[in-house]
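Everything on this sheet refers to the single structure shown next.
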Amino acid sequence: MIVRVAHDFICEWCWIGLFQAKRMRQEFAAEIEWLAYELYPAGFEAIVEAPLPAPKGAPPTPTRISLAFAAAGMEEVRRKRVDTHAAHECVEFAKGRCDHERLVENIYYAFWRHGDDISDVEVLTRLAKNIVPDISEMLQAIEAKRFAAQIKPFQAHDRGVYNVPTFWIGGKPYAEQPWTVLRSALGAAADEAPFYQAIAMPRGTADRPYLFINMVATIDGKIITGNRGEPVEDLGSKTDHLMMRRIQSAADAVLIGAGAQRSSANIWYPRNLQRFVATRSGKVLAESRFFTDAPEMAGIICPNSAKLPELPEGVRIMRSGETKVDWTDVLRRLVDEFGVHRLLCEGGSDINAQLLEEELADELFLTLAPKIKLGKDVPTYADGDPLPRELVQKYELLESHRWRDEMFLRYRRLR
């Protein structure tokens, strides 16, 4: 789903809108298309009307923007207006060249959290560093106002923009709306299933995070549709993919096995979510979006014997164990070193089996796809060595949901 957003960096409502857009990406896997609108283009002076005085003795009441900040759970902030044309030029230049989403966030944070003058080219240069590949060309674009045609003055209502931010969801505009309204619109546009909307996971202990596994499987328990090492995006439906994002929103970090990472070159995660890939040999897909999207949020878990390829700068490496991963040590370090208190594992079958065998999983999510694969050597939810009868694990069913022909199940371990 693509959501277009008309915005300006110096608008209080747009500062709230930035976090609404982040929730759209996280909960609905929406792609955000930022549209540049200048609140105060060159030569324009806003007419500010003084509020009517309250009747004598009347209690003070909050303004609309105060209520909006409170509804969003944010501290109310006000800043002096500055010219934003150069900031919009930066973002327009970055589109198609690099991760312009990070640049948008950098500019918003600089202005609203630090009070930086985002009309200053030196400030913009600092914010674009390590994001925009050719800073000198960016500066030339700013000076020449190369993208002026894409930056609309806010007073031009020909595009239907009467307030910023304006979100276009399912072809309809939504202006200065609370998250509940936007979320309802997103759900309708996505033909949303009404469950797993606000999953609250408990914190783990000082020794390990609370660990939950999420997988999709066929009716006969298989987790692939083709051969090992091939992508499996066609196993679950769009609803299953949406549920995956909702479950991710309950985690501090995601863990996957190297086989799953190698088979999905385009696998991606919300940029604020830490992600780790576990490998015994060191064979990972270094050029995957798993590493190249916000590499500082990516990590590798491996034993000392693993031989790793060259990785993007910023990727973290955690070695534990000699020839295989010491999961007890790794989980303790995830808490101590990375602040991970809720860990989601998304397979595959080998890593699931390791965690289950060592009794480290607290909950299991399973999407049952209405398909049959067959095959006695085809991977399932968890492979590994069979447990003896006396050690067979038991779970209680917490949730079960039917959506069209799929079943969505959630279990908790009985200890």
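Values reported hereafter were calculated over all heavy atoms of this structure, with side chains retained and with hydrogens, waters and symmetry mates removed. If you're wondering where the values come from, they're calculated on a predicted model, not measured in any experiment.
Residue E122 qualifies as open at atom CD: its count of foreign heavy atoms under 6.0 Å is 12 or below. Other residues, nucleotides and ligands place more than 12 heavy atoms under 6.0 Å from the CG atom of N304. Around CD of Q393, the count of heavy atoms belonging to other residues, nucleotides or ligands within 6.0 Å exceeds 12.
The ring pair (Phe, Tyr, Trp, His ring centres under 6.0 Å) with F9 is formed by just one residue from the set Y108, Y40, Y109; it is Y108. Here the options are V340, D336, V335, the test is side chain to side chain contact (heavy atoms under 4.5 Å, CB included), and the partner is F338; only V340 passes. Put simply, the residue from D116, N106, D120 that forms a side-chain hydrogen bond (donor to acceptor under 3.5 Å, both in side chains) with R126 is D116.
Using a 4.5 Å heavy-atom threshold, the side chains of M24 and I32 count as touching. Considering only heavy atoms from C-beta on, T84 stays 4.5 Å or farther from L39 through its side chain. Contact check for V161 versus W168: side-chain heavy atoms found under the 4.5 Å cut-off. Residues I256 and Y269 form a side-chain contact, since some pair of their non-hydrogen atoms from C-beta on lies under 4.5 Å apart.
Both cation-pi conditions hold for R245 and W268: the charged atom is under 6.0 angstrom from the six-membered ring centre and inside a 45 degree cone around its axis.
Salt-bridge formation is not detected for the pair E363/R342: no Lys NZ or Arg NE/NH1/NH2 atom is positioned less than 4.0 Å from an Asp or Glu carboxylate oxygen. Using a 4.0 Å cut-off between a side-chain N of Lys or Arg and a carboxylate O of Asp or Glu, R332 and D329 qualify as a salt bridge. Using a 4.0 Å cut-off between charged nitrogen and carboxylate oxygen, E359 and R413 count as a salt-bridge pair. Salt bridge status for D362 with R415: present, with a side-chain N to carboxylate O gap under 4.0 Å. Under the 4.0 Å criterion applied to side-chain N and carboxylate O atoms, R81 and D8 are not assigned as salt-bridge partners. Electrostatic pairing of E105 and R25 counts as a salt bridge here, judged by a charged N lying under 4.0 Å from a carboxylate O.
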Inset, instruction - Please assess R64 against E12 for the test salt bridge (charged side-chain N to carboxylate O under 4.0 Å, His left out), listing each intermediate value before the final yes or no. - result: CA-CA 11 Å; R64 285 181 64 241; E12 294 94 340; over 6 Å; no

Name the atoms and distances for all side-chain donor-acceptor pairs under 3.5 Å in residues 364-371, with sequence neighbours left out.
residue, atom, partner, partner atom, Å
T367, OG1, D240, OD1, 2.8
K371, NZ, D234, O, 2.4
K371, NZ, L235, O, 3.2

